[in-house]
Amino acid sequence: MTSWCVLSTRCEQFLFCNLWPAPCPTWQTKVCRKHEDSSFMRFSSMHLPTLKEVPSEAEVVSHRLMLRAGMIRRLAAGIYSYLPYGLMAIRRVENIVREEMNRAGAQEVLLPAVQPAELWQESGRWDFYGRELLRLKDRHQREFCFGPTHEEVITDLVRHEVRSYRQLPLNLYQIQTKFRDEIRPRFGLMRGREFIMKDGYSFDVDDAAAGRSYQLMREAYSRIFSRCGLNFRAVEADSGTIGGSFSHEFVVLADSGEDAVASCSACDYAANIEKAESRVPEAPAEIVEDLPAPEAVATPECAAVEEVAAFFQVAAGQIAKSMIFESDLGFCMVVVPGDFEVNEVKVRAALGAEWLEVPPPARVAEELGLPVGYLGPLEVSVPVLVDRRIPLVGTFVCGANRAGYHLRNVAWGRDLKADRLYDLVTVRPGDPCPRCEGKLRLDRGIEVGHIFKLGTKYSEKLKATFLDAEGEERLMIMGCYGIGIGRTVAAAIEQNHDENGIIFPWALAPFKVALLNLDPKSEEVTAAVETLYGDLEKRGVEVLYDDRGERPGVKFKDADLLGIPLRLTLGRKGFKKGIIEARSRNGVHDLELPLADRTPLWDLLRDLEADDSRLSSQ
RNA sequence: CGGGAUGUGGCUCAGCCUGGUAGAGCACUGCGUUCGGGACGCAGGGGUCGGAGGUUCAAAUCCUCUCAUCCCGACCA
């Protein structure tokens, strides 16, 4: 072992050492124990319980593989222990996040996990956050919660410390465990209740400065996920009830993802399905001359759009689909073309409502006297929101607000009018892009990061103010920036695996090399492997040395399962030929290296690392 | 929250319908044989069947309650 630590990625102290890669003053005097202890491991002494069988709890690939690879174990619903190998992967992501956040000028803090109720009452979220907030009482019956997020705490901290514009901008972040009492935790680390999250908060003097902070974070996030070797998209997202003008989600593309992303095949437009828009042709509504007045037609058993369309022998797009919603602002009706789905997030945004739901038909009948299945926008007592595609439909069929009847010959502009039109539908694959002539496609994805421009929502509630250059008291403009650390590891596995196990991207791989000794009983083979192990160690290559007395098949299976990028194999056969077998987990490289000369090995390792960064920059 | 299902050694599951006092495979321990893609034999250790109550001479098995976990849904005019 060298007299200083030559590694960078695993050592937290590296972050404070500007002299790297030259020997740093701290390490010149001592060996970095961390690397000695964990980056070079003998399989026989590592707690790495791999599983041949799959525990029945696991549904998605990443969950299954993380259990099988001995990375995590479940303690309770949505609550997991991180085992050594899993923690190593988590730390890889954390450290990339740290480096990029620091590079972008943010500073790390660590905030309390348990937070007093008063703070949440002050922001108004104690009542609003609902059942997802895990509430606790201390021995004095004082109320607390286990932090699901830290806007309140950070704002409280900053309001006490920051008084002057000279102290801004400020960007603080932390990496810690949070708890959200999810309705339905699932998919292992993908949607846990307890999870590790990086959350950062920026404070700025004005909107323009806040915009710069936001942009910096956006760039930092792109670098982070690129470095993690992920195929991701930064998509426009609904800022939800948090408000604010900007919000981007960082979504890793994967079929098992819970989110849907619409993106343009021609330009770089990409948005969460909840927010995505499509272009509506400008074609004016065709006024049909001498169109007869709306006529009620008996349509028994025709509640669904398809049934109505079949009955009238028209396309679904010629039907106006009407739905009743209930929100904190009361009931309303939404009208969209029958071949589109209503997008509740857009409806809520259009209304400016806090919450929104579809009331059960019985409730609609009781409260409004309307028959669900035969609803229409004519002569109803509730506000009607009309989608901007309705005018294009022109003449349409809709419910008669009378069970078993629909109206035909209903004309936009004559029978139905609206002061304002809204975009209320979910885009479909093939719909025209709102920005260019391209078409939209839909992909599944996993949200691993989300950045918001918060504005003054929290600074106002919690009175986080400062004095500007003119001595005026002003509210700080905030932004918040989250990354799901565990979810990022899970997403990386979703995106990089095969039937044999994980295929870790280089940057996330806890070990870069799996060194297999196929003949641990042979002294000469073992001696050669030990020498190689020592050389790798000296070189600073993180290696898992499989020195177990297992049969070869077991070692191959485990190496594949663990997803270590490069596998080096030495057995009696290779030893006689004077070669080591080298095979990359991704199947790109499969070659024999001379046992006597290390140079080709170092070259191969350099290539592998380079391949990986090339991949991730695409 | 609604619907469905499941809880039996560390893991995967059988047994339950037709009550009679617990079984297989994997894993683990020992010995031997094996040894380049999750070996085999022999010998072992380990569970009182999620919990509580009830029926019964007798309950993993039947009944009631309860807890936990998993899956699906919460887009329908």
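Throughout, a chain's letter reflects where its sequence line sits, starting with A, and its residues are numbered from 1.
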Not counting sequence neighbours, which residues clear ring pair (Phe, Tyr, Trp, His ring centres under 6.0 Å) with Y129(A)? List them please.
-> W120(A)
In whole angstrom, give the distance that lies between atom CG of D387(A) and atom C1' of C75(B).
-> 15 Å
Whole-Å distance between A74(B) P and F325(A) CZ?
-> 13 Å
Let me know the distance between CZ of F575(A) and P of C35(B), rounded to the nearest Å.
-> 20 Å
U69(B) to G50(B) separation - P atoms, rounded to the nearest Å | 16 Å
R68(A) CZ to U12(B) P: how many Å, rounded?
-> 13 Å
Among the nucleotides G38(B), C75(B), G36(B), whichever has the atom closest to the side chain of L518(A) is G36(B)
So which protein N/O to nucleotides 26-32 of chain B N/O distances come out below 3.5 Å?
none

Give none if G36(B) has no partner; otherwise give the nucleotide forming a Watson-Crick or G-U wobble pair with it, both distances under 3.5 Å.
-> none
Between the base of G37(B) and the side chain of D560(A), is there a donor-acceptor distance below 3.5 Å?
-> yes
For R73(A), report the nucleic acid contact type (base, sugar-phosphate, nothing); a contact means any heavy atom under 4.0 Å.
-> nothing
Counter-base of G73(B), judged by Watson-Crick or G-U geometry with both distances under 3.5 Å | C1(B)
Could you work out the separation of C13(B) and U55(B) based on their C1' atoms and round it to a whole Å?
-> 30 Å
Report the residue from R572(A), R551(A), K555(A) that forms a salt bridge (Lys or Arg N to Asp or Glu O under 4.0 Å) with D519(A).
-> R572(A)
Nearest-nucleotide comparison on RNA chain B, the residue closer to the 5′ end among A77(A) and E344(A) = A77(A)
Are D255(A) and R444(A) within salt-bridge range, i.e. N to O under 4.0 Å?
-> no
From the candidates C71(B), C75(B), G38(B), the one with an atom nearest any side-chain atom of V554(A) is G38(B)
Atom pair CE/CG of M88(A) and L83(A) - distance to nearest 0.5 Å | 12.5 Å
What nucleic acid atoms does G574(A) come within less than 4.0 Å of, heavy atoms only: base, sugar-phosphate, or nothing?
-> base
Rounded C1' spacing from C49(B) to G15(B) in Å = 10 Å
N/O donor-acceptor pair, side chain N500(A) with base G37(B), under 3.5 angstrom = no
Give one of base, sugar-phosphate or nothing for V54(A), where a contact means two heavy atoms less than 4.0 Å apart.
-> sugar-phosphate
Nucleotide paired to U61(B) in any strand shown, Watson-Crick or G-U, under 3.5 Å = none
C49(B): pairing nucleotide in any strand, Watson-Crick or G-U under 3.5 angstrom | none
Whom does U21(B) pair with, Watson-Crick or G-U wobble, provided both distances fall under 3.5 Å?
-> none
Polar side-chain contact R567(A)-G37(B) base: donor and acceptor under 3.5 Å = yes
Could you give the distance separating G41(B) and A68(B) at their P atoms, to the nearest angstrom?
-> 43 Å
Quantified in whole Å, what is the C1' atom distance between nucleotide U33(B) and nucleotide A59(B)?
-> 46 Å
May I ask you to say what K321(A) touches in the nucleic acid, namely base, sugar-phosphate or nothing, with a heavy-atom cut-off under 4.0 Å?
-> sugar-phosphate
Are the side chain of R487(A) and the backbone N or O of E447(A) linked by a donor-acceptor pair below 3.5 Å?
-> yes
Taking atom P in both G47(B) and A24(B), what distance in whole Å separates the two?
-> 15 Å
Atom pair distance, as rounded to whole Å: CE in M333(A) and P in C75(B) | 17 Å
How many Å lie between CZ on R428(A) and P on C75(B), as a whole number?
-> 20 Å
Would you mind listing every salt bridge (charged side-chain N to carboxylate O under 4.0 Å, His left out) that reaches into residues 317-331 of chain A, with sequence neighbours excluded?
-> K321(A)-E341(A), E326(A)-R363(A)
5'-most by nearest nucleotide on RNA chain B - E341(A) or P552(A) = P552(A)
Indicate, with a heavy-atom threshold strictly under 4.0 Å, whether G399(A) touches base, sugar-phosphate, or nothing.
-> nothing
What integer number of Å spans the P atoms of U18(B) and C63(B)?
-> 10 Å
Is V308(A) touching bases, backbone alone, or none of the nucleic acid, heavy atoms closer than 4.0 Å?
-> nothing
Spacing of the P atoms in G45(B) and G30(B) (rounded, Å) = 15 Å
At under 4.0 Å between heavy atoms, what does G373(A) touch on the DNA or RNA strands: base, sugar-phosphate, or nothing?
-> base
Residues that D535(A) engages under salt bridge (charged side-chain N to carboxylate O under 4.0 Å, His left out), provided they are two or more places apart | K538(A), R598(A)
So do the side chains of F396(A) and L416(A) get within less than 4.5 Å of each other, counting heavy atoms only?
-> yes
Return the value, rounded to whole Å, for the distance between atom CG of L67(A) and atom C1' of G10(B).
-> 14 Å
Go ahead and name the base partner of G30(B); Watson-Crick or wobble counts if both distances stay under 3.5 Å, otherwise write none.
-> C42(B)
Given that both distances must come in under 3.5 Å, which nucleotide forms a Watson-Crick or G-U wobble pair with A68(B)?
-> U6(B)
Y80(A) meets the ring pair (Phe, Tyr, Trp, His ring centres under 6.0 Å) criterion, sequence neighbours left out, with H63(A)
Name the nucleic acid region contacted by K555(A), choosing base, sugar-phosphate or nothing; use a 4.0 angstrom heavy-atom cut-off, strictly under.
-> nothing
Hey, does V314(A) have a side-chain heavy atom less than 4.5 Å from the side chain of I319(A)?
-> yes
Anything under 3.5 Å between a donor and an acceptor, one on a side chain of residues 372-382 of chain A, the other on a protein residue two or more places apart or in another chain? List them.
{"unit_1": "Y374(A)", "atom_1": "OH", "unit_2": "E301(A)", "atom_2": "N", "d": "3.4"}
{"unit_1": "Y374(A)", "atom_1": "OH", "unit_2": "C302(A)", "atom_2": "N", "d": "3.2"}

Check if the side chain of R551(A) and the base of U34(B) share a donor-acceptor pair of N or O atoms closer than 3.5 Å.
-> yes
Among G36(B), C75(B), G38(B), which nucleotide sits nearest the side chain of D558(A)?
-> G38(B)
Between U69(B) atom P and E182(A) atom CD, what is the distance in whole Å?
-> 15 Å
